**Student:** 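Shown below is the structure under consideration.
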Amino acid sequence: MQTRMQVVAILAAVGLLLLVLELVRRRRLMERYALLWMFSATVILALAVWKDALDQLAQLMGIFSAPNALFFIAVGFILLLLLHFSAAMSRLSDQSKVLAQHQAILEQRVRELEGGGPPAAADAPRREQPERTYAHR
Amino acid sequence: MPHRYPHLKCLAVVPAYNEQASITHVIEAIHTHAPAFDVLVVDDGSTDLTRPRAEATGARILRLPYNLGIGGAVQAGFAFALEHGYDRMVQVDGDGQHDAHEIHRLMATMAEDGAPDVVCGSRFLTADHRYPAPVSRRTGIHIFAFILSRIMRQRVSDPTSGFRLYNARAIALFARDYPHDYPEVEAVLMVHHHRLRMVEVPVRMFLRNGGVSSIGSGKSAYYMVKVLLALFVGLARRRPVPEPGGAAPVAAEQGI
């Protein structure tokens with residue numbers, strides 16, 4: 001039973017490792033993000049192969065069954081990865097914010113240059129029938 | 001009586017997200033009451049007639065390609081002001097809450113001695129301080145006001161007011177770094193950490209003319225928690241930076 005569990009864990013870890021490598025090879029995954037995945041897979045693989053270490057680790061953590069310890073560690077890595085993604089996402093949204101702002105400023109400048117001096121709204125297309133609002137009173 | 005400030009380049013930034021009912025009125029009020037100010041509308045990805053109506057007034061417009069939220073929109077205004085070398089920038093919300101009449105009062109305060117970097121219009125300093133807002137919102141404002149007053153050791157009565165006038169130093173700071181979702185409260189903390197001076201002046205604010213506030217009643221609780229988190233994380237984040245003209249990083253306790 002234990003051995004079978006070990007085999008499954010090894011296969012899963014190797015499969016994950018290969019998948020990550022393949023994605024990097026096809027440039028679908030940047031090395032930056034692949035490293036943490038590969039590190040996780042390697043640690044899990046090492047613990048699955050080297051059973052003594054896992055047993056000792058389980059004992060250290062006060063977990064009775066070694067597979068549970070493996071599970072626990074894997075969940076830990078998943079949390080770490082998710083956090084990593086949240087951080088990456090925060091950075092991306094910050095970058096896209098700055099990009100949008102600068103794009104808007106440049107676009108305004110282009111309109112102004114093309115329209116011949118500020119403010120360049122004289123030739124603004126009338127896209128609407130002037131509606132009656134309180135503002136026109 | 002419109003005022004002129006001959007030596008200053010002044011910009012009024014009007015962040016607007018779906019404010020077709022009020023935008024024309026807001027811009028025209030600035031043109032009338034504060035003609036020294038160039039008007040820059042930041043269209044935060046509106047889907048209604050905000051943009052054509054703003055264009056029709058002849059104001060400058062920044063068209064954000066998608067909705068960034070109030071923080072991102074106002075920061076675009078700061079970036080514009082910095083790039084074009086403005087000395088003063090005032091934020092006037094597109095929903096018509098802020099009274100363009102009062103811009104001169106903010107300018108006058110900034111010109112006074114002590115030369116504050118940020119002048120903030122406060123709803124709660126006027127004689128009749130019955131600002132018509134739901135109790136939940138007012139409670140939140142007062143909690144932030146209490147915390148910030150303790151941190152800054154100066155009375156802050158209305159930290160959520162967006163009706164603020166900034167000088168060039170504050171413009172440079174906020175063009176670099178401005179908070180995201182509900183920026184006003186955190187911005188006060190940044191002012192403090194960067195050793196800028198902020199003062200408040202009493203202003204009257206109107207109820208919104210139309211459109212929907214960025215803070216619905218259901219979001220109030222989320223808003224509270226988010227801003228409190230930002231405040232306390234912000235406290236831990238920036239060790240007060242010594243900046244040119246600021247106080248010494250280490251100084252003897254004043255007074256005995």
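To find a chain, count down the sequence lines: A is the first, B the second, and so on, and within it residues start at 1. The structure presented is a predicted model; accordingly, all values stated were derived computationally and were not measured.
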**Student:** Minimum heavy-atom separation for A:Gln6 and A:Val49, please, with both atom names.
**Tutor:**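 In terms of heavy atoms, the two residues are closest at NE2-O, 3.3 Å.
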
**Student:** Evaluate the ring planes of B:Phe37 and B:Tyr5, with Trp represented by its six-membered ring, and classify them as parallel (under 30°), tilted (30 to 60°) or perpendicular (over 60°).
**Tutor:**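 Taking B:Tyr5 first and then B:Phe37, their aromatic rings stand perpendicular (interplane angle over 60°).
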
**Student:** Within residues 74-87 of chain B, which residues come under 4.5 Å of chain A, heavy atom to heavy atom?
**Tutor:**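 B:Gln75, B:Ala76, B:Ala79, B:Phe80, B:Glu83, B:His84, listed by number.
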
**Student:** For A:Ser96, which atoms come within 4.5 Å of any heavy atom of chain B: side chain, backbone, both, or neither?
**Tutor:**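 A:Ser96 touches chain B through backbone and side-chain heavy atoms alike.
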
**Student:** Measure distances from B:Leu68 to the heavy atoms of chain A and classify the residue's part below 4.5 Å as side chain, backbone, both or neither.
**Tutor:**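 Only the side chain of B:Leu68 comes within 4.5 Å of chain A.
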
**Student:** With sequence neighbours left out, write down each residue that passes side chain to side chain contact (heavy atoms under 4.5 Å, CB included) with A:Leu106, or none if nothing qualifies.
**Tutor:**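 Residues passing side chain to side chain contact (heavy atoms under 4.5 Å, CB included) with A:Leu106: none at all.
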
**Student:** Residues two or more places apart in sequence or in another chain: which of them pass side chain to side chain contact (heavy atoms under 4.5 Å, CB included) with A:Arg28?
**Tutor:**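 Expected list: A:Leu23, A:Arg26.
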
**Student:** Which residue pairs satisfy the ring pair (Phe, Tyr, Trp, His ring centres under 6.0 Å) criterion with at least one member in residues 63-84 of chain A, sequence neighbours excluded?
**Tutor:**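 Qualifying pairs: A:Tyr33-A:His84, A:Phe39-A:Phe77.
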
**Student:** Flag the pair A:Glu112 and A:Arg109 as a salt bridge only when some basic side-chain nitrogen lies within less than 4.0 angstrom of an acidic carboxylate oxygen.
**Tutor:**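 No, no charged N to carboxylate O under 4.0 Å.
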
**Student:** Salt bridge check, B:Glu102 against B:Arg105: does any charged N sit closer than 4.0 Å to a carboxylate O?
**Tutor:**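 A salt bridge is present here (some side-chain N lies under 4.0 Å from a carboxylate O).
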
